[in-house]
Asks: 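For reference, the structure I am asking about is given below.
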Number of protein chains: 2
Amino acid sequence: MKQQAICPKFEKAISLLSRRWTALVIYQLLLGTQRFNEIQSAIGISGKVLSERLKELEQQGIVIREVIPATPVVIEYSLTEKGQSMEPILHSIESWSQQWMRTELD
Amino acid sequence: MKQQAICPKFEKAISLLSRRWTALVIYQLLLGTQRFNEIQSAIGISGKVLSERLKELEQQGIVIREVIPATPVVIEYSLTEKGQSMEPILHSIESWSQQWMRTELD
DNA sequence: TAAACTTAGTTACATAAAGTAAGTAAAATT
DNA sequence: AATTTTACTTACTTTATGTAACTAAGTTTA
C-alpha cells in the first residue's frame with residue numbers, strides 16, 4: 001500500500017510552527033513592532049530561546065531585526081510581509097481554541 | 001508598561017500544536033481512519049512518540065481509539081468532532097506554505 | 001509443527017532541545 | 001562610582017525525542 005508523501009513545503013511550515021514558542025512569537029509580533037524584552041515578558045520565554053527563535057525567524061524571512069541608532073541603541077523586531085501573511089493561521093488557531101478548548105476555569 | 005496576557009485557551013491550543021508531530025498526526029487523520037502502522041509510515045514518526053501523541057490526543061478528545069474485534073484485533077484511530085474541527089487550521093498552514101515556502105527544489 | 005512474520009505497542013539507552021540562572025558589554029541614570 | 005537597563009551569551013540541568021531492540025498474540029510459510 002503506497003502512502004501519499006507529505007508535501008515538502010507543508011512539512012517545512014509544520015516543522016517551523018511545531019517548534020515551541022515560534023507561533024507565540026509571531027502572534028505577539030502581529031500586534032506590532034516590539035523589542036526583545038517586550039516579547040520576552042509578554043509570552044514568558046527565556047532570553048536564550050527567544051534569541052534562538054528570532055534568529056531562526058529572521059533566516060526564514062519572517063521577522064526583521066532593525067537596529068535603531070538612538071542612544072542607547074534600540075533593537076526592534078517586526079514581521080515581514082511573509083510574517084504578516086501568517087495571520088490567518090494564528091487566527092484560525094485562536095478561533096478554534098475559543099470554541100473547543102476548556103481550561104480549569106470553565 | 002502592562003502587557004496584555006495571552007488567552008489561556010489560545011495558549012493551550014498553541015502548546016498542543018507546538019509539540020512535534022501533533023499537527024502531522026491530525027493532518028494524516030483528516031484523510032480518514034487509520035491504523036497505527038499506517039500513520040507511522042505515512043509521516044515517519046517513531047512508534048514510541050506516535051503512541052505518546054495518540055494518547056495525548058485521546059486525552060484531549062481529539063482522537064478516538066477503537067478496538068475492532070476481528071482476528072487479529074485491529075486498532076483504528078480517527079478524529080472526533082473536535083479533531084475534525086481543526087481542519088481549517090491545517091488548511092491555513094497548507095495554503096500559506098504553498099504561497100510562501102521554498103524548498104531546495106524551487 | 002516449527003520458524004518466521006505482522007501488529008501495536010513498550011523498554012532501555014543516546015542525543016537533542018529547552019529551561020534556569022548567572023554573566024556580559026555598552027550606555028544611562030542615581 | 002555604583003546601579004540599572006537592554007540584548008543578549010554561557011554553563012549547567014532537565015525534558016523531549018530518536019534509535020533500536022524486545023514483546024505478546026495471532027498468522028502465514030516451509
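In what follows, chains are A, B, ... by sequence order, proteins preceding strands, each numbered from 1.
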Asks: Going by the rule side chain to side chain donor-acceptor pair (under 3.5 Å), which residues pair with A:S92 if we only count those two or more places apart in sequence or in a different chain?
Replies: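 Counting only residues at least two positions away or on another chain, A:S92 forms a side chain to side chain donor-acceptor pair (under 3.5 Å) with B:S92.
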Asks: Under the ring-ring contact (aromatic ring centres under 6.0 Å, His included) definition, can you give me all pairs with a residue in residues 26-65 of chain A, not counting sequence neighbours?
Replies: A:Y27-B:F10
Asks: If the condition is side chain to side chain donor-acceptor pair (under 3.5 Å), which residues does A:W21 pass it with, not counting sequence neighbours?
Replies: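 Once residues adjacent in sequence are excluded, A:W21 has no partner under the side chain to side chain donor-acceptor pair (under 3.5 Å) criterion.
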Asks: Does D:dC8 have OP1 or OP2 sitting under 4.0 Å from an N or O in the side chain of A:R53?
Replies: no
Asks: Which donor-acceptor pairs under 3.5 Å do side chains of residues 54-70 of chain A form with protein atoms, sequence neighbours excluded?
Replies:
unit_1 : atom_1 : unit_2 : atom_2 : d
A:E56  : OE2    : A:R19  : NH1    : 2.9
A:E56  : OE2    : A:R53  : NH1    : 3.2
A:R65  : NE     : A:Y77  : OH     : 3.3

Asks: What is the distance, to the nearest angstrom, from the CG atom on B:N37 to the C1' atom on C:dC5?
Replies: 13 Å
Asks: Which whole-number value in Å describes the distance from B:I68 CD1 to C:dT7 C1'?
Replies: 14 Å
Asks: How many Å lie between CD on B:Q40 and P on D:dG18, as a whole number?
Replies: 12 Å
Asks: Send over the distance from A:E56 CD to D:dC8 P, rounded to a whole Å.
Replies: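 Between P of D:dC8 and CD of A:E56: 14 Å.
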Asks: Got a second to check how far A:I6's CD1 is from B:Q28's CD, nearest 0.5 Å?
Replies: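 It comes to 5.0 Å.
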Asks: Write down the protein N/O and nucleotide N/O pairs, taken from nucleotides 9-13 of chain D, whose separation is under 3.5 Å; answer none if there are no such pairs.
Replies:
unit_1 : atom_1 : unit_2 : atom_2 : d
D:dT9  : OP1    : A:K55  : NZ     : 3.0
D:dT9  : OP2    : A:S51  : OG     : 2.9
D:dT9  : OP2    : A:K55  : NZ     : 3.2

Asks: Of the nucleotides C:dT7, C:dG19, D:dT19, which has the atom closest to the A:S46 side chain?
Replies: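 The nucleotide sitting nearest to the side chain is C:dG19.
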Asks: Have a look at the helix from C:dT1-D:dA30 to C:dT30-D:dA1 and give the angle its two end axes make, five pairs each, rounded to 10 degrees.
Replies: 10°
Asks: Check A:L17 against A:A23 and note the closest heavy-atom contact, atom names and distance.
Replies: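 Nearest pair, atom of A:L17 first, then A:A23: CD2-CB, 4.3 Å.
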Asks: Which pairs count as salt bridge (charged side-chain N to carboxylate O under 4.0 Å, His left out) when at least one residue sits in residues 74-94 of chain A, sequence neighbours excluded?
Replies: none
Asks: Residues two or more places apart in sequence or in another chain: which of them pass side chain to side chain donor-acceptor pair (under 3.5 Å) with A:S18?
Replies: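 Result, side chain to side chain donor-acceptor pair (under 3.5 Å) vs A:S18: none returned.
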Asks: Measure the spacing between CD of B:E38 and CG of B:L29 and express it to the nearest 0.5 Å.
Replies: 9.5 Å
Asks: Mind calculating the distance between CD (B:E38) and P (C:dG9) to the nearest angstrom?
Replies: 13 Å
Asks: Are OP1 or OP2 of C:dG9 and a side-chain N or O of B:Y77 less than 4.0 angstrom apart?
Replies: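 It does, given that an N or O in the side chain of B:Y77 lies less than 4.0 Å from OP1 or OP2 of C:dG9.
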Asks: Among residues 13-21 of chain A, which ones have heavy-atom contacts with DNA chain C below 4.0 Å?
Replies: A:R19, A:R20, A:W21
Asks: Going by the rule side chain to side chain donor-acceptor pair (under 3.5 Å), which residues pair with B:S85 if we only count those two or more places apart in sequence or in a different chain?
Replies: A:W96, A:W100
Asks: Between P on C:dA8 and CD1 on B:I75, what's the gap in Å once rounded to a whole number?
Replies: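 Rounded to the whole Å, the gap is 6 Å.
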Asks: Just how far, in rounded Å, is P of C:dT20 from CG of A:L50?
Replies: 14 Å
Asks: Mind checking salt bridge (Lys or Arg N to Asp or Glu O under 4.0 Å) for B:R20 and listing every partner two or more places apart, or none if nothing turns up?
Replies: none
